[in-house]
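Read the numbers this way: they start at 1 and go in the same order the structure lists the ligands and their atoms. Just so it is clear, the values below take in all heavy atoms, side chains as well, and ignore hydrogens, waters and symmetry mates.
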Amino acid sequence: MKRLEGKTALITGAARGIGFEMASLFAAEGASVAIADISQQDSEAAAADIAAKTGAKTIGLGLDVSKEADCVRAVEETAKAFGKVDILVNNAGITKDNLALRMKEADFDSVISVNLKGAFLMSKAAAKLMLKARTGRIINISSVVGQTGQAGQANYSASKAGLIGLTKSLAREFAPRQVLVNAVAPGFIRTRMTEGLKDEARTKISELIPLGRMGEPGEVAKAALFLAGGDSAYITGQVLAVNGGLYM
Ligand code: NAP
């Protein structure tokens with residue numbers, strides 16, 4: 001039995017990287033999936049690719065998660081295509097790294113706006129349907145650096161720590177209607193976001209990780225699948241770390 005049979009999922013930032021792996025896995029587990037990313041073209045290409053691989057129903061949507069009207073429209077289009085929204089994954093994220101004293105105000109604002117405000121806006125739009133349906137799952141993709149801090153990432157780590165607070169507050173607000181809200185906090189995962197790291201930095205990072213290697217996008221997707229499916233029905237307001245033991 002597939003674990004998400006009959007469910008519908010909306011995943012942001014899903015045209016590539018971790019979001020794409022989650023969309024692929026959820027589709028393989030029987031869900032209909034809306035792939036929402038900043039480029040409509042990339043979203044549609046990813047949706048077609050996943051539909052061809054899995055046979056699942058998919059749609060590709062263009063949106064900027066930092067804009068409320070885009071978030072409302074993405075939820076409406078998903079509900080129109082599939083009839084409901086059972087699962088929302090707030091995965092879209094950006095980095096604009098610099099040491100704090102060199103960080104421009106605009107670079108602080110844009111990272112908070114996409115990573116944190118975007119998750120709030122998407123959750124607000126999707127929760128309207130979920131609360132009415134008295135069921136739903138919201139999964140926020142945070143980061144290990146939201147738990148530990150990271151030099152050069154004041155904006156990013158603040159946004160990811162903020163997501164943990166958002167997760168816990170929404171979990172408390174939505175629990176009476178059986179809408180569960182959890183976060184996944186990945187460590188260093190091999191995607192485009194980390195491929196810019198120099199070999200030396202990669203080796204140093206791997207030495208700090210108890211399991212001795214960076215993680216794969218599919219390993220984060222499996223954690224999200226657990227939080228999206230029936231096996232996590234008594235879990236809300238939690239942060240599931242997928243970091244090879246980097247932070248305990
Ligand atoms: P990625 O490959 O860069 O994918 C992120 C996707 O989000 C991209 O397709 C990007 O589009 C899209 N996006 C950016 N701004 C957006 C916006 N305003 N509205 C809608 N979509 C937007 O990154 P990833 O490594 O898979 O990361 C996915 C999530 O995991 C992020 O939240 C990230 O912070 C988190 N995470 C990653 C790691 C890691 O090691 N990779 C570790 C911890 C947490 P464009 O590329 O076209 O701009």
Side-chain angles (χ1 to χ4, degrees), residues 10-25 34-47 49-50 60-75 88-97 107 109-122 125 138-150 153 155-164 166-167 183-197 201-202 205-206 208-209 213-221 223-224 239-244 246-247:
L10 167 55
I11 306 177
T12 67
R16 61 182 116 258
I18 293 169
F20 181 81
E21 287 300 319
M22 291 191 288
S24 303
L25 182 60
I35 286 124
D37 209 300
I38 192 101
S39 152
Q40 170 130 18
Q41 203 182 339
D42 290 356
S43 300
E44 284 174 359
D49 182 9
I50 292 170
L61 304 170
L63 93 167
D64 179 345
V65 294
S66 66
K67 301 209 167 94
E68 184 157 36
D70 284 18
C71 297
V72 169
R73 187 175 39 79
V75 169
L88 166 69
V89 185
N90 289 310
N91 167 77
I94 58 170
T95 53
K96 291 201 175 160
D97 298 352
D107 289 344
D109 285 348
S110 64
V111 168
I112 297 289
S113 199
V114 172
N115 297 7
L116 180 57
K117 190 179 82 173
F120 165 69
L121 294 175
M122 286 299 300
I138 298 174
I139 300 160
N140 294 318
I141 306 303
S142 177
S143 167
V144 66
V145 305
Q147 299 171 304
T148 62
Q150 176 82 328
Q153 292 196 309
N155 49 1
Y156 182 78
S157 60
S159 75
K160 294 298 185 179
L163 271 179
I164 294 174
L166 178 73
T167 299
V184 174
F188 287 90
I189 308 299
R190 288 202 314 140
T191 67
R192 210 184 38 154
M193 200 174 258
T194 49
E195 85 189 359
L197 290 170
R202 216 180 282 270
I205 287 167
S206 296
L208 293 174
I209 301 170
R213 63 171 177 87
M214 289 174 70
E216 299 298 329
E219 293 175 312
V220 180
V239 183
L240 178 50
V242 184
N243 62 23
L246 180 59
Y247 173 75

Give the single entry among [options] that approaches [atom] most closely by any heavy atom.
| atom | options | value |
| --- | --- | --- |
| atom 24 (P) of ligand 1 | Val114, Thr191, Val145 | Thr191 |
| atom 5 (C) of ligand 1 | Ala185, Gly93, Cys71 | Gly93 |
| atom 7 (O) of ligand 1 | Gly13, Gly19, Ser113 | Gly13 |

Close-contact set for ligand 1 against [X] heavy atoms, below 4.0 Å:
| X | answer |
| --- | --- |
| Ala92 | 7 (O), 20 (C), 21 (N), 22 (C), 32 (O) |
| Gly17 | 2 (O), 26 (O) |
| Phe188 | 40 (O) |
| Asn91 | 28 (C), 29 (C), 30 (O), 31 (C), 32 (O) |
| Ile18 | 26 (O), 30 (O), 37 (C) |

Part of Ser39 within contact of ligand 1 (heavy atoms, under 4.0 Å):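 Neither; no heavy atom under 4.0 Å.
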Yes or no on side-chain hydrogen bond (donor to acceptor under 3.5 Å, both in side chains) for Ser39 and Asp37, after CA distance, side-chain angles and deciding distance? CA-CA 5 Å; Ser39 152; Asp37 209 300; over 6 Å; no
For [X] and ligand 1, answer yes if some heavy atom of the residue is under 4.0 Å from a ligand atom, otherwise no.
| X | result |
| --- | --- |
| Arg190 | no |
| Ser142 | yes |
| Leu63 | yes |

May I ask you to identify the nearest protein heavy atom to [atom], giving residue, atom name and distance to one decimal place in Å?
| atom | value |
| --- | --- |
| atom 38 (C) of ligand 1 | Gly187 O, 4.0 Å |
| atom 1 (P) of ligand 1 | Arg192 NH2, 4.0 Å |
| atom 18 (N) of ligand 1 | Asp64 OD1, 2.9 Å |
| atom 30 (O) of ligand 1 | Ile141 CG2, 3.4 Å |
| atom 4 (O) of ligand 1 | Arg16 CG, 3.9 Å |
| atom 10 (C) of ligand 1 | Asp37 OD1, 3.5 Å |
| atom 14 (C) of ligand 1 | Ile94 CG2, 3.5 Å |
| atom 21 (N) of ligand 1 | Ile38 N, 3.4 Å |

In Å, rounded to the nearest 0.5 Å, how long is the span from [atom1] of [X] to [atom2] of [Y]?
| X | Y | atom1 | atom2 | value |
| --- | --- | --- | --- | --- |
| Arg213 | Ile205 | CZ | CD1 | 14.5 Å |
| Gln150 | Asp97 | CD | CG | 8.5 Å |
| Leu246 | Ser206 | CG | OG | 10.0 Å |
| Asn243 | Ile209 | CG | CD1 | 8.0 Å |
| Ile138 | Leu10 | CD1 | CG | 10.5 Å |
| Met214 | Thr191 | CE | OG1 | 7.5 Å |

So, does [X] use its side chain to make a donor-acceptor pair with the main chain of [Y] at under 3.5 Å?
| X | Y | result |
| --- | --- | --- |
| Asn91 | Gly13 | yes |
| Thr12 | Ala92 | yes |
| Ser43 | Gly60 | no |
| Ser159 | Leu116 | no |

Side-chain heavy-atom pair [X], [Y] within 4.5 angstrom cut-off:
| X | Y | result |
| --- | --- | --- |
| Glu21 | Val220 | no |
| Ile141 | Val89 | yes |
| Ile50 | Phe20 | yes |

Test side-chain contact (heavy atoms from CB on, under 4.5 Å), reference Lys117, set Val114, Asn115, Leu121, output is Leu121
Using a plain distance cutoff, I'd like to know if [X] has any nitrogen or oxygen under 3.5 Å from a nitrogen or oxygen of ligand 1.
| X | result |
| --- | --- |
| Lys160 | yes |
| Ala36 | no |
| Tyr156 | yes |
| Thr194 | no |
| Ile189 | yes |
| Asp42 | no |
| Val65 | yes |

Counting only heavy atoms not in Arg16, do more than 12 fall under 6.0 Å of its CZ? yes
